[in-house]
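In what follows, chains carry the letters A, B, and so on, assigned in the order in which the sequence lines appear, proteins first and then strands, with residues in each chain numbered from 1.
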Amino acid sequence: MKPTSVYERIQKLSSRADPYPLYTELRRTPVSLQEDGSYVVSTYEEIIALLHDPRVSSDRRNLASPPSPQQDGLPPAFIGLDPPEHDRLRRLTMRHFGPPDTPGKVAGMEGELREIITGLIDGIADRGRADVVDDIAYPFPVTVICHLLGVPREDEPRFHQWAEEIVETLGPGEGDQEERAGRRQAAILALGKYLAELANAHRDRPGDDILSGLVTYKGPDGPMSDIEVITTSALLLVAGHETTVNLIANGTLTMLRDPVLLERLRNEADLVPHFVEELLRYEPPIQFLPNRVALDDITIAGVTIPRGSSIVLALASGSRDPAHTKDPDRFDPDRAYNQHLGFGGGVHHCFGAPLARLEAQIALSELAHRLVNPRLVKDPPEYRPSSTLRGPRHVEVEYDGVVPPAR
Amino acid sequence: MRGREALMYDPDPADDQREQVLRAAAACPVQALHVDRMTTQHRTVRPELPPSPTGGDDDFKRNGRIVIVGASLAGGRAAGVLRRDGFTGSLTLIGDEDHQPYDRPPLSKQVLTGRVSAEGTTLPHLREIEVEWLAGTPATGLDLAAKQVGLADGRRIGFDKVLIATGARARRWPNETEAGLDGVHVLRTLEEAELLRERLDAGVKRVLVVGAGFTGAEVASVCRGLDLPVTVVESGAAPLVGALGGVVGAVAADLQRENGVDLRCEVKVTSLEGDDQGRLTGARLSDGSMVEADVAVIALGAVRNVEWLRNSGLAAGPWGVATDAGCRAVDVNGLVTDDVFVAGDVARFPHPVYHYQFMSLEHWGNAIAQAEIAAHNMLSDQAHRWPHLSLPVFWSLQFGVNIKSVGVPTFADEVVIAHGSVEERRFVAVYGYQGRITAAVTFDQAFWLDFYRRLIEQAAPFPPDFRVVDRQDGARPVPAEVSQRVVPAQGATVMVTGHDPGERRVALANIQDEARH
C-alpha cells in the first residue's frame, strides 16, 4: 500500500484535535507536491511571499484544468477573484463597513456586541452546564452578522444548514469528492436564491444595513450587479458566522485549559487583545487557504510550482514555524512581536478581521469574567469535520454560577 | 484616511483613545505600531534577544565616550540602539534645535492640515534613554587628531567615537531680500511647519509652491485639501520627475491638475515680488508671466549640513559625507576612518545593488537603517560589523494617493506599467536598467512592493515577463525619462570627496622615501 502523505493524514478527522505535530512534519518540506497535483506550502516566509506574489491568483478558473462553470453554482465572490475585479467588489462592500467611507463602524458596535453577549451569558445563568458553541460562540456572531447584513435573525435555521454544508465541503475532505461537490453546489444555489429574494426586498425598502447599501449604492464603482450582490452577501453571511464561532470556541478551550491564563484575563484588561492575537496564531479558525493558483511558473524554496497548479497555503502551520516564532507551540499572550497568519494576508486579508477581533475579545473577556469556576467537561472535545475551517462541534462547560456583568 | 491607501496616523493620540490604540497595536499584522516603547527591536523569533554579538572592546562599551552630532531621527535612533546593545559609557547628543528628536514626515501632511499639533510629532526615543543632551548648540568643527567636536559656544567635547548625523536643511530662496519677504516659507523643521500652518490658517488668497518634488507636491496636496488656490512651478517636465522619472511624473502631473492645482512645468521663478510693507505679492516666471500669491513655499530640496566639517579632513561635500558600506566615514584621501561614523541624510554610501555608486538618500527608512548599523558597528570589532545593504524605500501621500517606492527609480533606462491602471491611479511601475529590475513605484498598490523588492535583490530580468494578476494587455517598456545620472565614479577624487577634480587633495607618497626604509 502506498504511504499516506502528511497532508492526507491532516485531513483525517482523527487528526483534528491536535494537527500541530503533523504541521511540524509538513514543514520539513516547505513546498510539497501532493498526489492530486497541488502544492502545499507550510513555512512562514514562503507563505508570506506567496500571499504578496502577483503571480498567485485566487481565481480557480485559472487552474490548468478549471472547474466547470456549473460546478460551483455561482460565480466567485471577491474572495475567489483577482484584482481589479476583486478590488472593485471589495471596495463596494467596504464602503458600508469600514474606512475610508465608513470609519468607526466596527468600533461603534462595541456597545451592541456587549449587549448581545450579556444576554447570551444571562441565558445560561440558571444552569450549571452549557455548550459554549451552541449557547454562545455560534449565536453571538450570527446575531451580529444578521443585524449588520440585514438578514432576519429568525431565518437562521434555513441558512444555517446551507452555510454548514458550504463550509464542510470547502477544501479536501474524506469521502467521495463528487458527492461533496454536488452537496456544495446545491447549498450554494439554495443560499443564493434566498439572498436574491432578500436583496429585492431591501431594494424596495432599504434599511441601515450592508445589503441595503449594496443594492442601493450607485457611485463611480457601482452599482453591483444582481449576481454580485448575491455572491457578496453569501460570502459575508457564511464567513461572518462560520469562522468567529471557532475562534471563540478555541479561545474558550485555551483559557479553560490554563487556570493562570484565566485568572490573568480576569485581572488584566490590557491582556485581552494580546490573548486574541495569540489565539489567531496558535489556534486559528482558518487553517488553510486551499484555493490559490499559480499564473506562471513560480520558484520558491527550491521548488518550481508549474503554471496552472493549485497552491494550498497552510496558514496555521506557518504561524507555528519555529524559524519565524520563538517557542511556537507555547501559548504566550505576552509575545513582544506577534506576526501571525490568522487572517491571511495580501489583498485578500480577512475582510471581517476588525469585527472578528472585537467579537472574540468581548466574548472571551465576558466568559472569563462571568463564569464562576468554569471547567471543561470533555477535553479534547468532538471536532467538526473540516480541516480547513477547524473548530470543536461542542465545548461543554460546567460552572458554579454566573456573576452579573461588570457594567 | 484619504483615498484607498493614504492613511495618516495620529502620532500623539489623546489618553481616552488609549484602549483603541492598544488594540490597534496588538492587531497590526506587521507589528509596526509601537506604544510607549522604542522601536529598536523587530524580531519574532527572539524578541528579547541579547544585544547582537559585537565582539568589541568591553572596556569601551563600559566606559567609552560616544558623541552623536545631530539629534533628529538618525541621531536619536542611534542613541537608543547604543544603549540597547549594552553601551553604558557616556553618550552625548548634540543638536542645533531646541527640541527632542521629532518625526518629520507628518510635518508636510497631518501637521500642515492642522489635524496634529507640531509638538505631537516628538519621537519617544529620548524620553527613556540616558543621554547628555546638548540642545540648541550647533557643532562648528570636528578635530580628528584631538578627537573633539567643537561647539558654537566655544566648548570642545571629547570623544572616543563620534557619529555624524547632522542631516540636511531646506534650501532657501537664493535671493536674500526676496527670501525675507513676509509670506515666503520653507518646510523642513517643526517651527517651519508650525509657521506655515498658522499662515495657511489665517486665510490665504493663493499659495505658490516653488518646486514639485515630494515636499512641494505634498504641500500642494494639503493646500488643495484646505480648499486653497495653489500654483506649483516646476523647472522640470513634471512633478516628482527628479525622483521617479518622466513617465510616472506625467501621472503625478495629471493628479495635480485633476485636483485643481495650477501646475506650470518647465518654467522657473525668476523673482519674488513684494509690496512696500515687505509682504509677498507674487512671482515673476521665466515665461514672462506673473503669479499673484501671498504665500510662497520654497520646496527646492535640501542642503546637507556639512559646513562644520569643512576642515576636518573628511570627504564631506555638497553630496554629503562619504562612508564605506558600514557607515564609517572616509577621509579626503579615500582612507576609511576608525572612529567616525555617519548616518542619515548627510551620509553618502556605496550601494552594492547599484554598482557601488555613492548615494545619499533623504528617506526616513534609510535614516533608521543607517543609525542601527552605525550604532552596531561603533560597538563591534571588525569581525562583527554589518554592511548597510537594505534597498531604499520611501512613501508619499498626496491627493489621496499612497505613492511608494523600492529601489532607486532613477537608476533606470526603461520603465513598464507591470499591473494596475494608470487611468485609475492605481498601478505598479517597474524600472529596469540594462536588462535587470532596479526599482518599483506603486500608486495605491503598496502590497506588491515586497515582491518587487525581492526581484531587485535578485537582479531579476527586465522587463518582467511573467503572468500576474491585474496585468495590462499590451504594456510595453518605454524610456524611463530619468534625468541624466551623474556618474561620479570616473575619477577617484570626485567619487570620494565630492570636490571638483581640479581641487586636488591627494598627494602621492614619495616612493623613494618609502624605499629607503
Side-chain angles (χ1 to χ4, degrees), chain A residues 44 48-49 51-59 62 81-87 91 94 99-101 103 107 269-270 272-278 280 294-298 307 321-328 333 335-343 345-347 349 353-354 357-358 361, chain B residues 1-8 17-32 34-35 37 39 41-49 400 418-421 424 426-428 430 440 444-455 458 464-472:
Chain A
Y44 183 88
I48 280 287
L51 283 171
H52 296 88
D53 192 323
R55 297 169 300 180
V56 176
S57 166
S58 292
D59 191 334
N62 287 314
L81 291 171
D82 293 327
E85 293 81 13
H86 158 274
D87 297 0
R91 213 159 42 221
M94 190 60 91
D101 302 295
D270 283 358
V272 179
H274 297 276
F275 170 62
V276 171
E277 291 311 309
E278 178 67 345
L280 285 159
L295 288 179
D296 211 316
D297 291 358
I298 298 173
R307 171 176 174 169
D321 183 347
H324 170 68
T325 304
K326 184 188 182 184
D327 281 343
R335 288 180 188 281
Y337 290 95
N338 186 357
Q339 287 172 262
H340 59 72
L341 300 168
F343 287 122
V347 296
H349 183 273
R357 282 189 164 108
L358 194 60
Q361 287 166 8
Chain B
M1 186 162 177
R2 277 194 66 209
R4 294 292 143 188
E5 288 187 18
L7 189 67
M8 291 193 195
Q17 295 287 305
R18 188 175 172 80
E19 197 183 335
Q20 302 286 350
V21 171
L22 288 175
R23 276 189 193 159
C28 175
V30 289
Q31 299 283 286
H34 301 262
V35 184
R37 67 174 172 185
T39 59
Q41 301 219 37
H42 213 124
R43 308 183 175 99
T44 51
V45 176
R46 283 181 292 173
E48 290 85 30
L49 200 64
H419 35 139
S421 155
E424 292 169 32
R426 41 151 214 98
F427 61 89
V428 180
V430 177
D444 273 359
Q445 297 279 295
F447 36 78
W448 301 127
L449 218 54
D450 252 6
F451 173 74
Y452 287 100
R453 180 180 54 76
R454 274 190 289 273
L455 292 187
Q458 294 161 6
D465 60 351
F466 39 77
R467 291 182 66 210
V468 292
V469 298
D470 203 6
R471 181 177 175 155
Q472 281 198 324

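Chain B forms more heavy-atom pairs under 4.5 Å with one residue of A/R357, A/H274, A/H349 than with any other, namely A/R357. When A/H86, A/E85, A/R55, A/R307 are compared by the number of non-hydrogen pairs under 4.5 Å with chain B, A/R55 comes out ahead. Taking A/P54, A/P273, A/A49 one by one and counting their heavy-atom pairs under 4.5 Å with chain B, the maximum is reached by A/P54. No other option in A/H340, A/M94, A/Q361 has as many heavy-atom pairs under 4.5 Å with chain B as A/Q361.
Counting heavy atoms from C-beta on, the side chains of A/D87 and B/Q445 come closer than 4.5 Å. Looking at heavy atoms from C-beta onward, B/W448 lies in side-chain contact with A/V347 at the 4.5 angstrom threshold.
To the nearest 0.5 Å, atom CZ of residue B/R426 and atom CZ of residue A/R91 are 6.5 Å apart. Rounded to the nearest 0.5 Å, atoms CG (A/N62) and CZ (B/R467) are 6.0 Å apart.
Neither the backbone nor the side chain of A/V276 has a heavy atom closer than 4.5 Å to any heavy atom of chain B. For a residue to count as touching a neighbouring chain, one of its non-hydrogen atoms must lie under 4.5 Å from one of that chain's; by this rule A/D101 touches chain B with the side chain only. Proximity to chain A is limited to the side chain of B/R454, based on heavy atoms less than 4.5 angstrom apart. Of the atoms belonging to A/I298, not a single heavy atom falls under 4.5 Å from chain B. Looking at A/D53, both its backbone and its side chain come within 4.5 Å of chain B, counting heavy atoms on both sides.
Pairing each heavy atom of A/V56 with each of B/V469, the nearest pair is O-CG1, 3.8 Å.
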